[in-house]
Protein chains: 2
Amino acid sequence: MSDPAPIILNGFSMNSVSHVNYGLWRHPRDQTHRYTTVDYWVELAGILDRGRFDMFFLADALGLLDTYAGSAAASLRTGTQSPVDDPLLLISALAAATTDLGFGVTVSATYEHPYLLARKFSTLDHLTRGRVAWNVVTSQLDSAARNLGLDKQIPHDERYDRAEEFLDVVFKLWEASWQDDAVVRDATTGVYTDPDRVHAIGHRGRYFTVPDAHLSEPGPQRTPLLLQAGGSPRGQRFAARHAEVVFVAGADADGIRRNVAHIRASAAEQGRDPRSLDFVSAVAVVVDDTARGATAKLADYKSFFDVEGALAHYSASTGVDFSHHDLDGVISHHDTDSNRSLLSMFSAADRDWTLRDALAPATGFGRSHTIVGTPGSVADDLEAWLAATDTQGINLIGVVNPDSYRDFAELVVPELDRRGRVRPRPTTAATLRRRLTGRDHVADDHPAAIHRRARLARRHEAAIR
Amino acid sequence: MSDPAPIILNGFSMNSVSHVNYGLWRHPRDQTHRYTTVDYWVELAGILDRGRFDMFFLADALGLLDTYAGSAAASLRTGTQSPVDDPLLLISALAAATTDLGFGVTVSATYEHPYLLARKFSTLDHLTRGRVAWNVVTSQLDSAARNLGLDKQIPHDERYDRAEEFLDVVFKLWEASWQDDAVVRDATTGVYTDPDRVHAIGHRGRYFTVPDAHLSEPGPQRTPLLLQAGGSPRGQRFAARHAEVVFVAGADADGIRRNVAHIRASAAEQGRDPRSLDFVSAVAVVVDDTARGATAKLADYKSFFDVEGALAHYSASTGVDFSHHDLDGVISHHDTDSNRSLLSMFSAADRDWTLRDALAPATGFGRSHTIVGTPGSVADDLEAWLAATDTQGINLIGVVNPDSYRDFAELVVPELDRRGRVRPRPTTAATLRRRLTGRDHVADDHPAAIHRRARLARRHEAAIR
């Protein structure tokens, strides 16, 4: 085997009180009650940046979680992803406060317009000096659809068809519209942009008409690093086609490994190098200098776990109202909705899952793998987890904020570094994509590269007149 | 007369190379070529904040300027508002770098969805600690409409009807949805939000359906301070109904004074105290320690003025292609389009205007009043300008950035301060609305206050269950 690769280390959070650490805002050391302040976020990002994390991954939802018992009461009461503020608006403050950290932000391709979304990510690619990533989602909440002008969700597969065209539009804007030498910035001749080097994209599709050129000059990455987390068959195909880093879930290590293999196979079918996709899964880590200390810390954290918050989230993400379910009954296949990925993953697993198991496969933090121990044992377990799942990194859950990030940065990162598993700090400013893949721009086998080739072919052709 | 009131001091800019200072990016001291970096904006905001400005006012446009000669070539070549990045995404970085400065950001009510726009401004109201203002616009560019899914602009008056409903929705979300005591944040009982104190807004209108509660808990101002700049008759009525600070234009002092009087009268007709509206106009200031120095500085600045950039902007904002016009011919009434405010203002003035005059009524910086001189003479002229126009403040154009802001802060502000015309620096953190009006929330006679009263009436009524 070759030398071990650096692990992709992402902090995982949401602009809300409780992300997937249900109830932990009540912990005396937790600072999430300060989530509406810029200082709180600057502090978290600084810990991750100094701690050599690669990315701060911010989830989002566009509706209150109101599937459980048919109301948002439980999610509001427990602070579970409700209320929820906009994550994109945090980024410039975090960019100014950090030097190397990347920012992966969830933005829906269902409720944004591609012409304006393209400008948003170009703006952030500028302001972060190429450190921004887009987690492409096709929103899943009925509550979002209801308040955003749709009586009901767009049918699931059509949402993905629309998202395909959405990506086609933004790829054209990012890759095909402005030549690399379009911005001349010549004070002597008075030319800021040479209009002959800016191309109208002329997009006329089924869902969108975008005839003109991109509003923004290209950012360092042009197309932001692309993240995706689709779990359904259609979502996995979409991820396989577009994602550079896939956030993958599964009932257990085997389930994740199967999903990774499936998405890699699908990527290969769609003409991409299957090993060019990286995978991360959500992991919670509780670490202390001693095993005894770690166990005590875990017990302390668990005592703050809020089952109602977990059920409110689980109901919203599966579309099944679990308010009348027996926590210890086996999850029925009849409850699954093929458009809802999470529950189908559990029910498709090799064993039967009770609701209680599904909520807390290990310890109850975000239905995700949880590793508890000393720096050495955590590093061992983490390496074993990555090998068992064929994933290349983690989205580290903030169980208690900012302690979970700080503990990992101070205790686990040095240990991983000794094992050659932490990316060296860049000596010069690097884009996020370069940090993870060695390239500033999308790979040649990525669908966006078609539009780069179109741009290069038009290099000597006068454009806007 | 009572003591002179503090002048509203706003810095006026845009996330682009040339805002209304056409060609000045070529000046050797100008730093606008750094507009894609966060450092540039942090530096500008810091100068304004330390210089006791009230607000950083950021314009925006959602299309390239392509009316002049039927193409975006001139605006791209001269960098005139093209390319243009997103202004909203700058704010959190500027909030983190400042303590008192407010941020007025232009966001279209035509191409955003009210449910998401409401969350954006609540998020920024949180992150700025109540220092955000929304400049409500109903976008005017055909190029924006074309790329955002409309073949042509929504007819002008219908745009305002839709904007009225848009505001009704966001006011309900900001004012009527969450009671002041909804966020309990009680770690002992485990209640973050008391769902009985959060109300679904149940909006079903002609343009929007928003049944549910606001996604965000209320910010310090709830409704951001409201700015407006409508120049057409319908736009003026809209401003009179909603704006707390009106950005007013006019061919000269008399024209501005007439517009102010008209909007105040319209506000009174619509049930608001006409003196509760404040007015600002765009002003350029070229100041130096000596009159000779100021004159030399002005001559230097004017030598970088780019007529083509001015024409590209003027064409886009009037809808008239001036590429074939004689600069010294009188502007014809036949050129005016009643839906385009700017040109009609000139052609309705008491005298005939040539295009050259209209472009540069004083010196050519943004078709705005320009004051040149020593700190003392600038303060005299500024006070006279405010008195003559019945305006309460200025949007100070950045002719050369950051010099224009720094010169004003260092030379003019101390002089105005001696005259009692600069707001004292707040001793404790204050919201932008409190700073300007003495209140954190909208006045009782403002349309948004209807929804505050609705909230207060529902105080003891259980809500989300």
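Chain naming here is simple, since letters A, B, ... match the order of the sequence lines and numbering starts at 1 in each.
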Participant: Who among A/Glu112, A/His33, A/His126 has the most heavy-atom pairs with chain B under 4.5 Å?
Facilitator: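 The residue among A/Glu112, A/His33, A/His126 with the greatest pair count is A/His126.
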Participant: For atom CZ of A/Arg34, is the number of surrounding heavy atoms from other residues, nucleotides or ligands below 6.0 Å larger than 12?
Facilitator: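 It does: A/Arg34 CZ has more than 12 such atoms within range.
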Participant: Could you pull out the closest heavy-atom pair between A/Pro87 and B/Arg119, with the gap in Å?
Facilitator: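 That would be CD-NH2, 4.0 Å.
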Participant: Counting only heavy atoms closer than 4.5 Å, note whether A/Ser216 contacts chain B via side chain, backbone, both or neither.
Facilitator: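 Interface part for A/Ser216: both.
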Participant: Are any of the side-chain heavy atoms of B/Lys120 and A/Leu88 separated by less than 4.5 Å?
Facilitator: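 Contact flag for B/Lys120/A/Leu88 side chains = no.
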Participant: Minimum heavy-atom separation for A/Trp25 and B/Gly190, please, with both atom names.
Facilitator: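 Looks like CZ2-O, 3.6 Å.
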Participant: Give, as side chain, backbone, both or neither, the part of A/Ala182 having an atom under 4.5 angstrom from any heavy atom of chain B.
Facilitator: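 It is neither, since no heavy atom gets under 4.5 Å.
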Participant: Of all of B/Ser92, B/Gly219, B/Ala95, B/Ala93, which one pairs up most often with chain A through heavy atoms under 4.5 Å apart?
Facilitator: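 Greatest number of close heavy-atom pairs with chain A: B/Ser92.
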Participant: Could you check whether any side-chain heavy atom of A/Asp66 comes within less than 4.5 Å of a side-chain heavy atom of B/Asp212, counting everything from C-beta outward?
Facilitator: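 Counting from C-beta outward, A/Asp66 and B/Asp212 do come under 4.5 Å.
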Participant: Sort A/Asn15 into side chain, backbone, both or neither according to what part of it lies under 4.5 angstrom from a heavy atom of chain B.
Facilitator: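 Just its side chain gets close to chain B.
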Participant: Check each atom of A/His27 against the heavy atoms of chain B and say whether the ones under 4.5 Å are side chain, backbone, both or neither.
Facilitator: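 When you check distances to chain B, no heavy atom of A/His27 falls under 4.5 Å.
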Participant: Under a 4.5 Å heavy-atom cut-off, does chain A meet the side chain of B/Ile91, its backbone, both or neither?
Facilitator: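 Contact with chain A is through the backbone of B/Ile91 alone.
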Participant: Over all heavy atoms of both residues, which pair between B/Leu89 and A/Leu89 is shortest? Give the atoms and the distance, please.
Facilitator: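 Looks like CD2-CD2, 4.0 Å.
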